Amino acid sequence: MKPLLVLCVVCTLVVLCVSMTAEQKLKNCNDVRAAYSSKGFNVNDVPNQGVNGAPLKVCPQGFSCCTVEMEEKLSQQSHTEIKAPVSRLSTNLQSTFRQRHDHFDKFFRELLKNAELSLHNMFVRTYGMMYVQNAELFKNFFEALTRYYVSGGTAVNLDSMLSDFWADLLERMFRLVNVQYEFSDAYMECVSRHTEQLQPFGDVPRKLRIQLTRAFVAARTFVKGLTLMPDVVNKVSTVSASPSCVRAAMKMLYCPYCSGQVALKPCQNYCLNVLRGCLANQADLDTEWNNFLDAMLSLAERLEGPFNFESVMDPIDVKISEAIMNMQENSMQVSQKVFQGCGQPKPSMVFRSKRSIKDTGFNGRFRPYSPDARPTTAAGTSLDRLTTDVKKKLKHAKKFWSTLPETVCAGERIEPGDECWNGTAKSRYESVVIANGLANQGLNPDVEVDITKPDTVIRSQIAALKEMTTWLKAAHSGNDISVDNDEETSGDEGSGSGCNSDNSDSPSCNEDDIYFSTPPNPGKPQVPVLAKDRSNGGVASQGGMALALCGLALALLAPHLR
């Protein structure tokens, strides 16, 4: 009995000593004055000694080193401090993907310019002024491709543009290889209508259409996705905190000050509940955010593989030259089919007077294209390097919104274990950690959340992500269904035939058939044939003129022969 009495006395003395020590610290409030001043507030706001905390609205109302005015200022400070890490993380994410957008956009634009310059230099070297006089055909071609990359189907119908390009090229070449005849505009319209049926350029137009459609749709949709990401992050991260969130943040971060425990940090689970309550709406973004990132990653794989923009644009000059060579080789058959379908043209009086076109000294050579020897890339990089980098960033950004509370409630901001601030005292936090999302926050013990009123800004961003994900998935199949500048495009005026899930097994969607093989014997480039006119006057034979003028055909029609 006596030992028990002694133990009780000792315990009582210990409790009294601890209380007296805490009360002594509370009475002088020196630590609070120093900490309050370090936040930039007027130290004179802090009482020299503890006061009655009954007027306080958030913190415990016992003996306190806080006044109502201090509590209001610290509430504003807590709002700032709860937003700061979220703002910093969001800003970093925005910056990361703005930079990636700029890198991709610059790369694609420079690749277009380089492809145009490469074709121009190649044809100037090969054909000289003959090409220069007809270069507007190709200039318009690349301008249209650039407009399509920038604005999509609202600016350029890709299928129609390509059809017009090949029809215009056929018209110029057809006139030239049949210069001994006169053709009216109506006759040439007949020729143009049958361009696809005649297939004067072989299979090159079909393959190039598939390649260009897939590559451009993938490139511009991917860049559009990179544009959306920072915009969504910016709008979502600037959503204002609710009054109940500010109140909970004040209670978590600064109520320890009022009790004189300025070094006391919140328990981790306590912090998680507060942040999950404050970021309940943002967490609801996570599902569509992750779906969007998965779609971006899938399209990045396409950009690296069958929809590679770089592998389409780099050798486009060689592909077009291959088409022209096909026209040269098939000129006799093409002309015969045209004459059968559109009628026999009249002989040209101008050609009769000139008798023939003499040797031009033309000796052009086409360089073969080998996928293993790709031209210099644009913007000092390559598509492979860009996609490898951006895929890492996209994967890192997954679950960004749902993991924000864990990211914020870590490190020096919290105190692991039981010796932490639980909202009322320095002790273990006993409440259960509530799951993420608005629907779960009705059970949050630390933040009052109205689960019946989702934030409208965040809901609109969820809708934007869902729509962009649909576009990305369509682009993955080679289809452009995006709407630019809020303008709708009709089904008949779409951007071109793609490759959707319904016809992915058809020949036009076979990824293997869209690549152009290297011509045989790459060390021996094809040389356009030139033959002298051996006619003895009168109208030259159709076959002889086709061979005699093949060099001019490759150079396209000079204006004075049109």
Side-chain angles (χ1 to χ4, degrees), residues 56-61 71-72 74-90 93 232-256 258 265-291 399-410 413-415 420-425 427-466:
L56 298 180
K57 300 177 182 178
V58 179
C59 296
Q61 298 179 338
E71 194 178 47
E72 290 178 355
L74 289 172
S75 290
Q76 295 173 6
Q77 180 68 18
S78 66
H79 185 199
T80 300
E81 291 192 15
I82 208 77
K83 286 175 58 179
V86 175
S87 177
R88 186 178 65 257
L89 291 165
S90 300
L93 195 62
V232 169
V233 174
N234 178 57
K235 290 177 180 176
V236 171
S237 63
T238 55
V239 171
S240 299
S242 66
S244 61
C245 170
V246 175
R247 179 185 178 90
M250 167 63 196
K251 186 176 181 181
M252 179 178 74
L253 296 176
Y254 288 114
C255 282
C258 298
K265 296 177 181 178
C267 303
Q268 185 174 31
N269 286 349
Y270 176 35
C271 179
L272 285 175
N273 269 344
V274 171
L275 266 293
R276 287 185 178 184
C278 289
L279 300 173
N281 281 283
Q282 283 86 343
D284 280 355
L285 194 77
D286 214 49
T287 299
E288 284 305 327
W289 175 262
N290 292 335
N291 290 340
K399 297 184 178 180
F400 175 80
W401 304 105
S402 62
T403 59
L404 262 179
E406 283 82 357
T407 306
V408 174
C409 296
R413 296 190 188 93
I414 56 94
E415 183 67 42
C420 51
W421 176 253
N422 66 4
T424 56
S427 182
R428 178 184 179 85
Y429 182 73
E430 300 291 350
S431 299
V432 176
V433 178
I434 303 301
N436 272 307
L438 183 64
N440 297 311
Q441 297 310 307
L443 301 175
N444 195 309
D446 299 295
V447 186
E448 295 180 8
V449 181
D450 187 349
I451 63 174
T452 66
K453 294 181 179 179
D455 186 273
T456 56
V457 172
I458 291 177
R459 297 297 140 172
S460 69
Q461 296 311 299
I462 291 174
L465 286 170
K466 187 177 294 186

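Quick caveat, the model's predicted, so the values are computed rather than measured.
- Around atom CZ of R428, no more than 12 heavy atoms belonging to other residues, nucleotides or ligands sit under 6.0 Å away.
- Formation of a donor-acceptor pair under 3.5 Å by the R247 side chain with backbone atoms of K57 is found in this model.
- At least one side-chain heavy atom of L279 sits under 4.5 Å from a side-chain heavy atom of V86.
- Within a 6.0 Å radius of NZ in K83, other residues, nucleotides and ligands contribute 12 heavy atoms or fewer.
- Looking at L275 and C271, their side chains come closer than 4.5 Å, going by heavy atoms from C-beta outward.
- No side-chain heavy atom of L465 sits under 4.5 Å from any side-chain heavy atom of N291.
- Pairing each heavy atom of I434 with each of P445, the nearest pair is CG1-CD, 4.0 Å.
- By the 30° and 60° cut-offs, the orientation of the rings of W289 relative to W401 is perpendicular.
- Checking side-chain atoms of Q61 against main-chain N and O of L56 turns up a donor-acceptor pair under 3.5 Å.
- Summarising the geometry, atom CD1 belonging to I458 is positioned 8.0 Å from atom CG belonging to D284; distances are rounded to the nearest 0.5 Å.
- Distance check: M250 CE to H79 NE2 gives 14.0 Å after rounding to the nearest 0.5 Å.
- In this structure, OG1 in T80 is found 11.0 Å from CG in L253, a value given to the nearest 0.5 Å.
- Between G437 and A283, the shortest heavy-atom distance links the atoms N-CB, 3.7 Å.
- A heavy-atom distance below 4.5 Å is found between the side chains of Q441 and N444.
- For S87 (side chain) and A84 (main-chain N/O), no donor-acceptor pair under 3.5 Å exists by modelled atom type.
- At least one side-chain heavy atom of V236 sits less than 4.5 Å from a side-chain heavy atom of Q461.
- For E406, the CD atom is densely surrounded, since the number of other residues' heavy atoms within 6.0 Å is greater than 12.
- Evaluation of the ring-ring contact (aromatic ring centres under 6.0 Å, His included) test over residues 428-448, restricted to residues two or more places apart or in two chains, returns Y270-Y429.
- Taken together, the cysteine pair C258 and C59 keeps its SG atoms at least 2.5 Å away from each other.
- R413 meets the salt bridge (charged side-chain N to carboxylate O under 4.0 Å, His left out) test with no other residue; sequence neighbours excluded.
- For the pair D446 and K251, the salt-bridge criterion is not met [side-chain N within less than 4.0 Å of a carboxylate O].
- When every heavy atom of N273 is checked against every heavy atom of S431, the shortest pair comes out as ND2-CB, 4.4 Å.
- Contact detail for D286 and S402: the closest heavy-atom pair is OD2-OG, 2.7 Å.
- At a cut-off of 3.5 Å, with distance as the only test, a side-chain donor of Q77 or E81 sits close to an acceptor on the other residue.
- Of all the heavy atoms in S244 and V447, the pair that sits closest is OG-CG1, 4.0 Å.
- Using a 4.5 Å heavy-atom cutoff, the side chains of C255 and V58 are in contact.
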